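The structure displayed is predicted, hence computed values, not measured ones. Every chain is numbered from 1 and lettered A, B, ... according to where its sequence line falls, protein lines coming before strand lines. Computation of the quantities below employed the complete heavy-atom set of this structure, encompassing side-chain atoms and omitting hydrogens, waters and symmetry-equivalent molecules.
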Number of protein chains: 2
Amino acid sequence: MSLRSALLALLRIGPMSGYELQKQFSQSVGHVWHAPDSQIYPELRKMATEELIVAEEQTRGSAGMRRVYHVTEAGEQAFIDWMNGPLKYQRTRDAAHLRAAYLESADQASVYAFLNEHISHWESELQVWEDEIATIEALESPMLNRRLAVTADADREVTIAYKKFAYEGLAARARSEIEWAQRGLQLSKRLERTAAETSP
Amino acid sequence: MSLRSALLALLRIGPMSGYELQKQFSQSVGHVWHAPDSQIYPELRKMATEELIVAEEQTRGSAGMRRVYHVTEAGEQAFIDWMNGPLKYQRTRDAAHLRAAYLESADQASVYAFLNEHISHWESELQVWEDEIATIEALESPMLNRRLAVTADADREVTIAYKKFAYEGLAARARSEIEWAQRGLQLSKRLERTAAETSP
DNA sequence: GCGGGCATGTAAACGGTTACATGATTCA
DNA sequence: TGAATCATGTAACCGTTTACATGCCCGC
């Protein structure tokens with residue numbers, strides 16, 4: 001149900017087409033909840049049949065078609081219910097840490113490659129989130145600004161604060177992953193040296 | 001392929017039945033890569049047809065049956081290949097942080113409930129990992145000890161070090177999540193007070 | 001005799017990935 | 001005229017979740 005909630009969260013900002021939503025998912029929001037277009041379009045159709053959203057169909061040129069979706073009362077309620085209800089935690093399935101537990105079975109070169117790739121992966125994620133935080137602080141986030149335009153003055157600070165809070169959590173996680181992999185590189189070097197000393 | 005790798009990693013420790021593997025998955029290993037029994041039994045069957053493992057069939061009493069699996073040469077190679085190959089990172093899909101970004105739409109009570117639940121969730125995960133680290137350090141981990149028994153002296157330190165390293169990474173993540181949610185509680189209190197002051 | 005742990009699965013549904021597929025509009 | 005971007009999907013497959021299903025062995 002989280003894909004649905006993510007879509008509703010975006011549509012609450014303002015009516016959007018599947019294509020526009022997909023663009024958002026490939027950017028900032030997609031780094032919290034990823035979804036490819038092949039999942040977005042069918043889900044929007046499903047939500048429309050359940051009347052959580054309604055499509056305003058626009059013709060484009062002679063044959064083109066564009067469906068702009070609006071959140072209905074029922075959709076708004078579904079989102080609020082999701083926000084106030086309990087959250088299901090999916091069980092951990094962490095390939096990197098699984099592999100880390102058995103690194104003694106990998107070649108030394110593969111250990112370095114693995115840890116360095118882990119660092120690059122999380123550094124690029126960190127970059128996205130730090131940029132997003134900076135954009136929010138500078139009040140230059142298009143989506144957030146659209147939302148703020150329809151938000152009561154008193155609620156603006158709260159809206160901004162929670163958005164920053166969310167991204168800061170993801171950034172903290174990324175930093176934790178990077179530090180961990182860096183400790184891993186040091187550990188690996190130390191173990192290699194030890195091995196060389198004991199069996200020369 | 002990670003479920004498969006996790007199963008191979010455990011079976012490399014020593015031959016085990018589906019039931020024993022399932023027990024391991026519901027304990028320490030399962031907190032890195034969760035898998036229910038309904039996934040384990042069919043996967044073992046599949047791996048057996050692909051000859052990565054072989055089943056030693058034992059009858060139990062009159063009708064009972066027990067299949068103890070051994071890793072074959074091909075299975076060992078498949079594991080080593082997985083260890084040395086690149087790792088696929090699954091795209092982020094984090095319901096907690098998604099919700100956090102829109103907390104202004106939740107009731108104040110739900111915000112507290114959500115953050116407190118996040119804290120309990122990660123505290124219990126942290127507990128598991130810290131216990132596991134302590135068990136490893138005290139050389140009291142049954143699975144690790146079985147592995148060490150068939151490991152050359154020179155490789156023991158490495159085996160222990162990487163296992164601890166893996167669990168430390170997970171513990172660090174848990175701590176990061178707990179701290180984040182605690183900052184969230186403080187933020188939420190501050191915002192509530194601000195709101196009360198501006199519109200009394 | 002009964003409860004708990006041992007032992008094995010099947011089946012349906014759901015969510016996500018990957019590949020395939022098409023065509024229109026807009027601007028250089 | 002051709003490339004980029006807008007715009008919309010389908011289909012097959014795979015992995016995961018949830019629920020269902022059965023029955024033996026051992027110790028109390």
Side-chain angles (χ1 to χ4, degrees), chain A residues 1-7 15-27 29-50 53 55-69 82 87-95 98, chain B residues 1-8 10 15-27 29-50 53 55-69 82 87-95 98:
Chain A
M1 290 294 91
S2 287
L3 170 59
R4 191 167 277 214
S5 303
L7 287 166
M16 260 175 275
S17 69
Y19 186 76
E20 282 174 281
L21 284 162
Q22 188 232 103
K23 289 285 114 175
Q24 292 307 314
F25 267 86
S26 71
Q27 290 171 25
V29 199
H31 290 267
V32 185
W33 196 274
H34 171 80
D37 48 354
S38 66
Q39 214 187 345
I40 292 171
Y41 289 112
E43 186 64 28
L44 287 170
R45 286 296 186 102
K46 251 176 80 187
M47 287 164 75
T49 64
E50 294 177 37
I53 55 178
E56 178 196 326
E57 304 200 339
Q58 302 175 344
T59 48
R60 299 188 336 118
S62 53
M65 162 64 79
R66 189 179 131 97
R67 260 176 282 270
V68 176
Y69 291 97
W82 180 77
L87 198 67
K88 251 209 243 160
Y89 284 84
Q90 53 208 64
R91 251 79 69 95
T92 315
R93 228 172 258 105
D94 189 318
L98 174 63
Chain B
M1 292 292 93
S2 287
L3 169 59
R4 189 166 280 213
S5 304
L7 287 166
L8 285 172
L10 283 176
M16 262 175 271
S17 69
Y19 186 76
E20 282 175 280
L21 284 162
Q22 188 232 105
K23 290 284 112 175
Q24 292 308 314
F25 268 87
S26 70
Q27 289 170 27
V29 198
H31 289 267
V32 185
W33 196 274
H34 170 79
D37 50 352
S38 66
Q39 214 187 344
I40 292 171
Y41 288 113
E43 186 64 28
L44 288 170
R45 287 297 186 102
K46 250 175 83 187
M47 286 162 77
T49 65
E50 295 176 36
I53 56 177
E56 179 195 327
E57 304 201 337
Q58 301 175 345
T59 49
R60 298 186 339 120
S62 53
M65 163 62 79
R66 189 179 130 96
R67 260 177 281 270
V68 177
Y69 292 98
W82 180 77
L87 199 68
K88 249 208 241 160
Y89 285 85
Q90 54 207 63
R91 251 77 71 92
T92 315
R93 229 172 257 104
D94 189 320
L98 174 62

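In terms of the side chain to side chain contact (heavy atoms under 4.5 Å, CB included) criterion, residue partners of A/Gln58 (sequence neighbours excluded) are, by chain and number, A/Glu56, A/Arg66, A/Val68. Not counting sequence neighbours, the partners of A/Ala95 by the side chain to side chain contact (heavy atoms under 4.5 Å, CB included) test are B/Ser2, B/Trp33, B/Leu87.
Not one N or O on the side chain of A/Glu43 forms a donor-acceptor pair closer than 3.5 Å with the backbone of A/Ile40. Under the 3.5 Å distance criterion, the side-chain polar atoms of A/Glu20 are matched with a main-chain donor or acceptor of A/Ser17.
As a whole-Å value, the separation of B/Tyr41 OH from D/dT22 C1' is 13 Å. When rounded to the nearest whole Å, the span between NZ of A/Lys23 and C1' of D/dA4 equals 11 Å. When the P atom of C/dT25 is taken as reference, atom CZ of A/Arg66 falls 14 Å away, rounded to whole Å. As a whole-Å value, the separation of A/Tyr19 OH from C/dT25 P is 15 Å. Look at CE on B/Met65: it is 14 Å from C1' on D/dG23, rounded to the nearest Å. Distance B/Gln58 CD to D/dC24 P: 18 Å, rounded to the nearest Å. Look at CG on B/Leu44: it is 12 Å from P on C/dT10, rounded to the nearest Å. The interatomic distance linking A/Met16 (CE) with D/dT8 (C1') rounds to 18 Å, in whole Å.
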Identify the pairs formed between an N or O of the protein and an N or O of nucleotides 12-19 of chain C at a distance under 3.5 Å, and give each distance.
residue : atom : partner : partner atom : Å
C/dG16  : OP2  : A/Gln39 : NE2          : 2.6
C/dG16  : O3'  : B/Arg93 : NH1          : 3.4
C/dG16  : O3'  : B/Arg93 : NH2          : 3.3
C/dT17  : OP1  : B/Arg93 : NH2          : 3.1
C/dT17  : OP2  : B/Arg93 : NH2          : 2.7
C/dT18  : OP1  : B/Lys88 : NZ           : 3.4
C/dT18  : O4   : A/Ser38 : OG           : 2.6

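Nearest nucleotide to the A/Ser17 side chain, out of C/dA7, D/dT8, D/dC6: D/dT8. Among the nucleotides C/dA7, D/dA7, D/dT10, the one closest to the side chain of A/Pro42 is D/dT10.
Heavy atoms only, all atoms of each residue included: B/His31 and A/Thr92 are closest at O-CB, 3.4 Å.
B/Gln22 contributes atom CD, which lies 10.5 Å from atom CD of B/Gln24 (distance to the nearest 0.5 angstrom).
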